[in-house]
Colleague: 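The structure follows.
In what follows, chains carry the letters A, B, and so on, assigned in the order in which the sequence lines appear, proteins first and then strands, with residues in each chain numbered from 1. Predicted, not measured: the structure shown is a model, and the values here were computed from it.
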2 protein chains.
Amino acid sequence: MRAAVMRDWQLRVDDLPDPTPGPGQVLTKVLACGICGSDLHLLVHGEESRKLSDELNEGRPADPMAPVMFDPAKDTVMGHEFCCEVIDLGPGCENLKVGDVIVSMPVAFDATGLHGIGFSNAYNGGYAELMVLNELMGIKVPSGLPVDMAALTEPLAVGVHAVAKSRIAGGDAAVVLGLGPVGLACIAELKMRGIGPIVAADFSPKRRALAEQLGADVVVDPRETPAIEAWRRIDGVRPLVIFEAVGVPGMIEQAMRMAPKDARILVVGACMQEDRIHPMLGIGRELNIQFALAYTPAEFGEALTAIADGKVDLSPWLTGKVGVDGVPQAFRDLGDPEQHAKILVVPGL
Amino acid sequence: MRAAVMRDWQLRVDDLPDPTPGPGQVLTKVLACGICGSDLHLLVHGEESRKLSDELNEGRPADPMAPVMFDPAKDTVMGHEFCCEVIDLGPGCENLKVGDVIVSMPVAFDATGLHGIGFSNAYNGGYAELMVLNELMGIKVPSGLPVDMAALTEPLAVGVHAVAKSRIAGGDAAVVLGLGPVGLACIAELKMRGIGPIVAADFSPKRRALAEQLGADVVVDPRETPAIEAWRRIDGVRPLVIFEAVGVPGMIEQAMRMAPKDARILVVGACMQEDRIHPMLGIGRELNIQFALAYTPAEFGEALTAIADGKVDLSPWLTGKVGVDGVPQAFRDLGDPEQHAKILVVPGL
């Protein structure tokens, strides 16, 4: 099969052997798979992140539930935001049938352990024509829901989880820093929960326009108007949650500096480098910093249901489609926030 | 009156004019006042902290509820852990009478605003013979409770608040890093709440012995046994809250490195310098960092009640007493954790 392959932290398109489903697994045809910013990041910063991660985890007991780490010298096919069609069943499958269109959390499991789909040498991700998924993880896409929208389940689930983890409640206000897919997913979920006002900040006019379409009440260019100023103008009194979805050094400190007393900061932007903060900012204002990663199976299902029920219209989010051979160029194009937000890989296109 | 005075970030003993109570205020005689580590810290790091604080708060709207800042060029008498006897009443006092023994949160107020007692040019703290307090803030010490114990209300309240702010619940476990008065107060409150196991870490054998007396289940010298290792040996499965009560750069990162998935870190040690963390530690483990400062009036009252009702025996905590003239030497002595934990200033001694 055709696949965009990462090897030695380089991306190339290649032909790989077709994968084979084991017991309890299904073989699927990829219908659409979103390109995630973390994949772009992994290519550029993966090697240093891996070293840092090894160093930070040194001496900790092994976690049997942690996904098996991929070997960067071997093939890894990324892509963890996929919608697929079942084309063959492994032994013992009982619930899915050939022709079913499904989404799945990007996790596979077998006797060797858990594997992060898209971050595994054993289970390729969706930048390929075929994938193997565990039947147990497959959720049938409600009929009538376009494949493109179903493929946005995973990135929306990140926002569903971040918002849940922030413990934001009715009557609270939100400031969202950074309007990449993660920040936009947070806005979509905040809006679905009826939270307001939502103030959103990003340098990019295109991203700010998307944030407005997804439900932000006020958008600002932080070079012109600090987000916290915009919040003070239209509210300034509600309990505030600041969502940090930029993920570069200095952003947590920025959020701490702008935070009013008792504010909560939900960090969902993954800064991979060392960062600096002034703890006295946290102490003086009794801030709370909650870090968030991924989502639960229930939240993944919730995201699919929200899209299928029309509670949220994510169509503005989609800005392009490429075939497998177009993945390397799409990675480059995504560097420009004016050009693209979410590109779908549609094998065969 | 005799007082230990801070001027230009230097401590000296001097004679000051007696203070006069205004409307709704009482004049009191200081019976005992604990020396707090933050006072030692203020003398050494106050100037740089003030500059940093001004810089960090630049551009923020003024908070009318924030205490009036003291001018370091003028006299400031520190001491915010006091027990006093009422010796005169200002106009309009109705609830207290001469002879009442009281404690009070270290906050005074008048038409000019709020003042942090012990951090104010207008209201001297307890390193002096006399103090003015607002009648409204005075809480009568239950009869039979020794003055020395009543003076520990304030530092215990810091622990009551930190533990409340951590949202720790029955069934959770605690690791306490740093066994100065703040760490010890956290242990006392954790024990009163029936939380266990409590693992406590400090370099000082004397402080570890105190922690055991106040209720720690296991104490460790972190140079020999990491606190998290000790917790894993005796528990390792309960939801964990790590109390960071050291307050020097690097401790938040240390807490993040040792933290298991979903752990909460309660930062009650006030690190005044810039600090470094790896956000990816927080992201990967979905950590929560809650900063805590001071206490509420209800928590202050709760601390007094716990001491008075004998729910906690803080007597091991007290290691020395000095008169006002002995304050500068006591500040020096408190630098050695083997020698002292809490020294009380008893004017006239």
Colleague: Where is the tightest heavy-atom contact between B:Arg285 and A:Asn57, given as atom of each residue plus distance?
Modeller: NH2-OD1, 2.8 Å
Colleague: With a 4.5 angstrom heavy-atom cut-off, which part of B:Arg264 approaches chain A: side chain, backbone, both or neither?
Modeller: neither
Colleague: Using a 4.5 angstrom heavy-atom cutoff, name the option from A:Ile265, A:Leu293, A:Val268 with the most pairs to chain B.
Modeller: A:Leu293
Colleague: Out of B:Met256, B:Glu58, B:His161, return the one with the most heavy atom pairs under 4.5 angstrom to chain A.
Modeller: B:His161
Colleague: Relative to chain B, which segment of A:Leu52 carries a heavy atom at a distance below 4.5 Å: side chain, backbone, both, or neither?
Modeller: side chain
Colleague: Quick one: closest heavy-atom pair of B:Arg257 and A:Arg60, and the distance?
Modeller: O-NH1, 2.7 Å
Colleague: Between B:Glu253 and A:Leu56, is there a side-chain heavy-atom distance shorter than 4.5 Å?
Modeller: yes
Colleague: Counting heavy-atom pairs under 4.5 Å to chain B, which of A:Met258, A:Arg167, A:Met272 comes out on top?
Modeller: A:Arg167
Colleague: Quick one: what part of A:Ile252 sits under 4.5 Å from any heavy atom of chain B, side chain, backbone, both or neither?
Modeller: side chain
Colleague: Can you name the nearest heavy-atom pair linking B:Asp262 to A:Lys165, along with the distance?
Modeller: OD1-NZ, 3.8 Å
Colleague: If you measure from CG on A:Asn288 to CD on B:Gln290, what distance do you get to the nearest 0.5 Å?
Modeller: 4.5 Å
Colleague: To the closest 0.5 Å, what do you measure between CD1 (A:Ile277) and CD1 (B:Ile289)?
Modeller: 6.5 Å
Colleague: Please determine, among B:Pro61, B:Gly59, B:Pro260, B:Ala270, the option with the most heavy-atom pairs under 4.5 Å with chain A.
Modeller: B:Pro61
Colleague: So which atom in A:Cys271 and which in B:Pro279 form the shortest heavy-atom distance, rounded to 0.1 Å?
Modeller: O-CB, 3.8 Å
Colleague: What pair of heavy atoms forms the shortest contact from B:Ser53 to A:Met280, and how long is it?
Modeller: CB-CE, 3.9 Å
Colleague: Among side-chain atoms of A:His278 and B:Glu55, is any donor-acceptor pair under 3.5 angstrom?
Modeller: no
